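Sharing a structure here in structure tokens format.
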Amino acid sequence: QVQLVESGGGLVQAGGSLRLSCAASGRTFSSALMGWFRQAPGKEREFVAAITSKFGRTAYGDSVKGRFGITKDNAKNTVYLQMNRLKPEDTAVYSCAASGSVPLNLERASYDYWGQGTQVTVSS
């Protein structure tokens with residue numbers, strides 16, 4: 001089992017920045033791939049970003065490319081999502097996820113473990 005705990009969400013004005021953290025515990029060697037997803041009310045869950053544990057290969061959803069950055073600290077078993085130039089449409093619950101496998105296309109990975117999520121609200 002892998003436990004994931006997100007933190008860093010909150011209320012921010014449009015144009016501002018936030019950094020989310022996802023701390024993993026338990027069988028963290030099972031976390032070959034870590035991802036961030038978001039879900040806004042009434043919308044489907046959306047892929048935001050992913051990063052591989054071994055080589056730090058990354059992928060981003062189209063709506064956040066150039067504004068968000070995903071990084072990792074393997075020593076702390078923590079993954080970060082730096083969110084810049086935030087827009088009201090970025091408002092959602094952001095969840096991190098862990099996968100034991102790394103597909104060629106990171107955007108299409110399936111995940112084994114999920115965190116509870118953290119709310120991000122961007123005001124206009």
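Fair warning: this is a prediction, and the values are worked out from it, not measured in the lab.
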- Message: Taking I70 as the starting point, is it possible to reach V2 by hopping between hydrophobic residues whose side chains are less than 4.5 Å apart?
- Response: yes
- Message: Give me the atom names and distance for the closest heavy-atom approach of A98 to L4.
- Response: N-CD1, 3.7 Å
- Keeping to residues at least two apart or across chains, list the disulfide bond (SG atoms under 2.5 Å apart) pairs with something in residues 41-86. none
- Item | Shortest non-hydrogen contact from L81 toward A49 |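 Here L81 and A49 meet closest at CD1-CB, 4.1 Å.
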- Item | Separation of Y113 OH from Q3 CD (nearest 0.5 Å) | 8.5 Å
- Residues forming a side chain to side chain contact (heavy atoms under 4.5 Å, CB included) with V5, sequence neighbours excluded: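 Once residues adjacent in sequence are excluded, V5 has no partner under the side chain to side chain contact (heavy atoms under 4.5 Å, CB included) criterion.
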- Residue pairs involving residues 39-53 (criterion salt bridge (Lys or Arg N to Asp or Glu O under 4.0 Å); sequence neighbours excluded): R38-E46
- Those residues at least two apart in sequence (or on a different chain) that pass side chain to side chain contact (heavy atoms under 4.5 Å, CB included) with Q13 are S123
- Message: Measuring from atom CG of N77 to atom OG of S25, what distance do you get when rounded to the nearest 0.5 angstrom?
- Response: 8.5 Å
- For residues M83 and Y94, determine if any side-chain heavy atom of one lies less than 4.5 Å from a side-chain heavy atom of the other. yes
- Task: Quick one: which residue pairs count as a salt bridge (Lys or Arg N to Asp or Glu O under 4.0 Å) with a foot in residues 115-124, not counting sequence neighbours?
- Result: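 Listed by first then second residue: nothing to list.
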- Query: Residues two or more places apart in sequence or in another chain: which of them pass side-chain hydrogen bond (donor to acceptor under 3.5 Å, both in side chains) with S110?
  - Reply: none
- Can you pull the side chain to side chain donor-acceptor pair (under 3.5 Å) pairs that have at least one residue in residues 64-73, sequence neighbours excluded? D62-K65, R67-D90
Which donor-acceptor pairs under 3.5 Å do the side chains of residues 14-22 make with protein atoms, sequence neighbours left out?
from: S17; atom 1: OG; to: N84; atom 2: OD1; distance (Å): 3.0

- ring pair (Phe, Tyr, Trp, His ring centres under 6.0 Å) contacts in which one or both residues fall within residues 31-62, not counting sequence neighbours: F37-F47, F37-Y111, F37-W114
- Message: Under 4.5 Å between side-chain heavy atoms, counting indirect links through other Ile/Leu/Val/Met/Phe/Trp/Tyr residues: same cluster for F68 and I51 or not?
- Response: yes
- Message: Any side-chain to backbone donor/acceptor pair from E6 onto C96? Under 3.5 Å, distance only.
- Response: yes
- Note on the structure: OG1 of T58 to CE of M34, rounded to nearest 0.5 Å, is 14.5 Å
- Query: If two hydrophobic side chains count as joined below 4.5 Å and joins carry through other members, does V12 share a cluster with V93?
  - Reply: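 Hydrophobic grouping puts V12 apart from V93.
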- Distance-minimising heavy-atom pair for L106 and L33: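 Looking at all heavy atoms of both residues, the closest pair is CD2-CD1, 3.9 Å.
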- Message: Between V122 and V64, is there shared hydrophobic-cluster membership here, with clusters defined by ILVMFWY side-chain heavy atoms closer than 4.5 Å?
- Response: yes
- Item | With T121 via side chain to side chain contact (heavy atoms under 4.5 Å, CB included) - residues at least two apart | L11, T91, Q119
- OG-CG distance between S31 and D112, expressed to the nearest 0.5 angstrom: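 With rounding to 0.5 Å, OG (S31) is 8.5 Å from CG (D112).
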- Keeping to residues at least two apart or across chains, list the disulfide bond (SG atoms under 2.5 Å apart) pairs with something in residues 33-65. none
